[in-house]
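What follows is a single structure, and I will ask about it in a moment.
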Amino acid sequence: MAARPHLTGYTRDELAAFFAELGEPRFRADQVFRGLHERRLTSFDDMTDLPKALREKLNESATTSTLTVESKYTSVDGTRRFLMRTSDGNPVEAVFIPTENRDTICFSSQSGCALNCDFCLTAKLGLLRNLTAGEIIEQIVLVLNDVYGAGGETPHGTNLVAMGEGEPFMNFKNLIKALDIMSDEKGLFIVPGRITVSTAGVVPKIHEFAALERRPNLAISLSAANDELRNKLMPINQRWPVDELLAAAKAFEKTLKRGERFTFEYVLLGEVNDSVEQAEELARLLKKHELRKVKINLIPHNPAEQLEYRPSSPEQVLRFKEVLEARGVSAYIRTPRGRDIYAACGQLAAKQEPNLVQIAGR
Ligand code: SF4
């Protein structure tokens with residue numbers, strides 16, 4: 001039997017077409033869109049503004065929900081990691097990161113990842129499959145419902161980062177569709193300015209992304225300023241080497257509006273890519289490509305048993321930052337969040353361990 005369509009991944013127009021086929025008027029489609037996104041309902045039965053007969057018809061012909069939360073872990077710093085499963089059994093992880101005035105949700109675009117970055121635990125899963133637009137959106141709905149109660153008001157704005165499992169630009173179409181649906185003012189209304197998509201350097205997609213009319217912010221994971229080291233740390237570099245990547249970044253920069261910037265992420269690995277000379281090399285690389293509207297996020301590596309790297313010392317992180325700043329490059333140190341529950345950058349590998357602090361799963 002074919003799977004029932006997952007309406008969470010439908011745009012408003014697609015929903016209207018679906019309802020037309022059922023012989024239902026457009027306003028019913030709009031009610032369901034609001035129910036799924038604005039009210040964050042995960043069952044047709046909860047949409048009590050629909051006639052009972054229509055709810056029954058919808059239950060037979062479609063679904064609102066395909067992910068199950070298998071377990072949840074809470075960090076000492078308040079970060080929560082959600083390990084979910086798709087209906088065909090693949091792991092999906094999302095992380096809720098609270099700060100004083102805003103919430104950030106880090107979501108997955110794929111189950112696992114094909115790119116094999118040497119410092120990343122997700123790479124160990126390999127690529128399981130691309131997530132659908134509906135599965136991408138459902139992660140956000142489930143996390144917000146868990147934190148604020150089903151459909152509860154969100155007191156802070158929600159920022160989204162596509163930095164969970166997967167390389168977002170390897171699932172470009174579904175990602176962009178999901179972000180479009182989430183930005184709908186009649187739904188979750190998370191506008192592109194509140195969203196950051198992080199790529200390991202899929203050059204053709206950076207050009208495609210740059211051409212989008214309403215697009216989120218961009219972050220490019222760099223982590224080395226020369227091909228020799230980057231080939232080892234991030235094998236995608238063998239396909240699109242540093243100069244080609246930076247040329248794409250420059251093309252993207254040219255499309256930015258006044259005051260906008262984009263980000264390079266640089267994971268700092270102790271005695272691998274964190275020396276003063278390497279910071280100077282990075283500054284020279286940015287200068288060579290005349291990149292000015294950029295900032296560098298320095299991310300201290302999050303260690304794990306299966307990875308051969310260790311984090312740079314705090315002193316070395318600071319020195320790296322100072323060298324960049326002395327050469328006119330804005331650099332920021334990102335504080336790791338949720339390290340103790342395998343929720344931090346590069347740590348998402350569907351870890352399920354009894355010694356992690358788990359709160360009641362569903
Ligand atoms: S760092 Fe990102 S792109 Fe690289 S393996 Fe991990 S999830 Fe994939």
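Just follow the structure's listing: the first ligand is 1, and inside any ligand the first atom is 1. Computation of the quantities below employed the complete heavy-atom set of this structure, encompassing side-chain atoms and omitting hydrogens, waters and symmetry-equivalent molecules.
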Metal proximity, C120 vs atom 6 (Fe) of ligand 1, N/O/S cut-off 2.8 Å: yes
Residue part near ligand 1, for C117, under 4.0 Å between non-hydrogen atoms: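 Within the 4.0 Å criterion, C117 contacts ligand 1 through backbone and side-chain atoms alike.
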Polar contact flag, side-chain donor to acceptor under 3.5 angstrom, Q238-N231: no
Separation of I220 CD1 from E265 CD (nearest 0.5 Å): 9.5 Å
Partners meeting salt bridge (charged side-chain N to carboxylate O under 4.0 Å, His left out) with E208 (sequence neighbours left out): K205
Ligand 1 atoms in contact with A123 (distance to a heavy atom under 4.0 Å):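 Selected atoms, number and element: 5 (S).
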Numbering as shown, the atoms of ligand 1 that approach G166 to under 4.0 Å (heavy-atom distance): 7 (S)
Aromatic F33 / basic K186 pairing, under 6.0 angstrom, 45° off normal: no
